[in-house]
Protein chains: 2
Amino acid sequence: MTQPTTEAASVRVAASLRTEILDGVIEPGTWIRQEEVAERLGASRLPVREALRILTAEGLITVEPNRGARVPVLDRREVEVLYRMRERLEPLALVESMPNLGAVDFDRIRDLQQQIEAIDDLRDFLALDRAFHLATYSACGIDHLQDTVVRLWNATQHYRRAFMELAGPQRRWVVNAEHSLIIDALDRQDGQDAERYLVGHIRRTRRELIAHPELFSDA
Amino acid sequence: MTQPTTEAASVRVAASLRTEILDGVIEPGTWIRQEEVAERLGASRLPVREALRILTAEGLITVEPNRGARVPVLDRREVEVLYRMRERLEPLALVESMPNLGAVDFDRIRDLQQQIEAIDDLRDFLALDRAFHLATYSACGIDHLQDTVVRLWNATQHYRRAFMELAGPQRRWVVNAEHSLIIDALDRQDGQDAERYLVGHIRRTRRELIAHPELFSDA
DNA sequence: CCCCTTGAAATTGGATCCATCTTCTGGGAA
DNA sequence: TTCCCAGAAGATGGATCCAATTTCAAGGGG
């Protein structure tokens with residue numbers, strides 16, 4: 001068979017750690033011990049080391065030589081610039097993806113948005129929000145672009161969660177409204193409009209997020 | 001001592017492979033055998049595996065499970081979008097970096113440009129051109145942004161070299177002129193102008209590069 | 001003549017053991 | 001009391017051996 005029967009251990013370990021980091025189970029700044037992870041996930045230390053490299057490539061952790069790996073702690077300016085990167089890159093991904101979006105893609109996008117509007121749990125909301133945006137970029141056909149966007153989402157995930165906790169559930173209705181505008185522009189195949197709404201969506205979040213100094217470690 | 005006495009083997013192997021890939025010694029499409037690299041660089045296979053992960057994170061190679069690693073072959077559209085990503089990201093890096101550039105940075109930038117104008121060998125030219133642009137971004141203070149830019153340069157390096165080989169040495173004078181405009185704008189602390197010149201610089205290269213279908217594999 | 005199967009060789013992935021580096025703790029001296 | 005140094009413990013980095021997967025070639029059947 002041409003399909004691997006069992007997933008590689010390093011990929012499994014990376015998947016587990018990825019979920020734990022994105023869900024905030026592993027908080028920024030805490031060291032990730034190879035042996036602890038190994039015995040907890042039932043693997044040797046070697047695939048754990050490979051997994052840490054994978055997660056480094058995804059922008060989820062940073063590795064310090066002979067020290068270990070941990071989820072990086074970002075200051076306010078860093079998060080702000082990461083959001084400015086999103087403002088510039090994601091519209092490109094959206095415009096490149098839009099012409100190639102098929103009927104099944106649109107169904108999936110609308111379905112995700114309906115789930116977002118119905119969901120209550122914050123963890124699920126964040127995962128669905130992420131899945132929604134990535135779905136709109138999924139047809140761009142450029143792996144490097146999609147990977148870069150994922151890295152930006154990964155690096156900022158912790159602060160997005162902290163912000164949404166602070167902002168409360170009513171903040172989600174802003175998100176939902178802006179998502180609807182994007183879907184509408186995609187429906188009309190209007191790239192200019194889609195780009196405009198997406199930039200506004202990201203920029204608004206950046207501004208509101210940055211306005212909370214208590215989310216960041218720096219003075 | 002707080003400084004590591006000897007560099008980690010995986011870092012050394014990664015450095016060697018990185019140079020070989022950027023210089024075109026390892027061409028896109030060819031498989032990179034772990035054992036071959038290991039004995040050639042005097043290390044075990046394990047640090048080679050770590051090195052391949054490092055290079056994957058840098059956008060230089062792609063790893064296929066149970067298959068191996070190789071420098072990816074890009075089609076024309078992929079290279080075009082990568083350049084569009086550069087057009088959007090590098091101006092941000094430049095604007096964020098410019099206010100923090102000190103006197104030593106400016107000296108280094110001017111020195112690099114003088115070297116570029118004097119150099120003859122294509123390999124050195126490409127390395128200096130890369131160093132020049134990265135130097136102008138070096139004060140932005142956002143690791144993630146700089147890393148992303150480096151990945152874009154890495155991924156497109158092969159096609160930049162192939163293009164410059166085709167275009168001939170007189171093409172370099174266009175580069176030098178545009179570099180001078182950027183330096184001038186930085187001197188005046190005019191972010192708008194610097195951004196404008198940089199976008200033009202990248203866009204011109206993209207257009208001329210894309211105009212050579214013989215550089216790409218696709219139909 | 002072509003295609004499928006089968007087996008061996010080559011290559012990658014994983015486990016265990018050892019070396020090296022970092023860090024923490026305890027003791028001693030100013 | 002405080003600072004510094006030495007030594008032990010813990011963690012990461014590396015080497016070797018073994019298992020699983022892929023690839024390629026040879027042989028048989030349609």
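Chain A is the first sequence line, chain B the second, and so forth, proteins listed ahead of strands; every chain is numbered from 1. Here the structure is a predicted model, which is why all the values come from computation and not from measurement.
- A:Glu39 places its CD atom 14 Å from the P atom of D:dG10, with the value rounded to the nearest Å.
- No engagement by B:Leu52 is indicated, since no non-hydrogen atom pair under 4.0 Å with the nucleic acid exists.
- A straight line from CD1 of B:Ile54 to C1' of D:dG14 spans 14 Å, rounded to a whole angstrom.
- Whole-Å rounding puts the B:Gln34 CD to D:dA15 P distance at 14 Å.
- Note on A:Arg33: only backbone sugar-phosphate atoms sit closer than 4.0 angstrom, heavy atoms only; bases stay farther off.
- For B:Arg67, the side-chain atoms get nearest to D:dT23 when compared with the rest of D:dT23, D:dA15, C:dC21.
- The only member of B:Gln115, B:Gln113, B:Gln114 that meets side chain to side chain donor-acceptor pair (under 3.5 Å) when paired with B:Asp111 is B:Gln115.
- Residue B:Glu64 contributes atom CD, which lies 11 Å from atom P of C:dG13 at whole-angstrom precision.
- No hydrogens or angles were tested; on distance alone, a donor-acceptor pair under 3.5 Å links the side chain of A:Arg49 to the base of D:dG14.
- Remark: B:Arg86 is positioned above the aromatic ring of B:Tyr83, its terminal NZ or CZ atom under 6.0 angstrom from the ring centre and at most 45 degrees off the axis.
- Salt-bridge formation is detected for the pair A:Arg49/B:Glu50: a Lys NZ or Arg NE/NH1/NH2 atom is positioned less than 4.0 Å from an Asp or Glu carboxylate oxygen.
- Rounded to whole Å, the distance from CH2 on A:Trp31 to P on C:dC24 is 11 Å.
- More than 12 heavy atoms of other residues, nucleotides or ligands shown are found within 6.0 angstrom of CZ on A:Arg110.
- Atom CZ of A:Arg45 is separated from atom P of D:dG10 by 14 Å (rounded to the nearest Å).
- Here the side chain of A:Asn66 is nearest to one of D:dT22, D:dG13, C:dA15, namely D:dG13.
- One can place CG of B:Leu46 at 17 Å from P of D:dC18, the figure rounded to the nearest angstrom.
- Between the CD atom of B:Glu35 and the P atom of D:dG14 there is a distance of 18 Å, rounded to whole Å.
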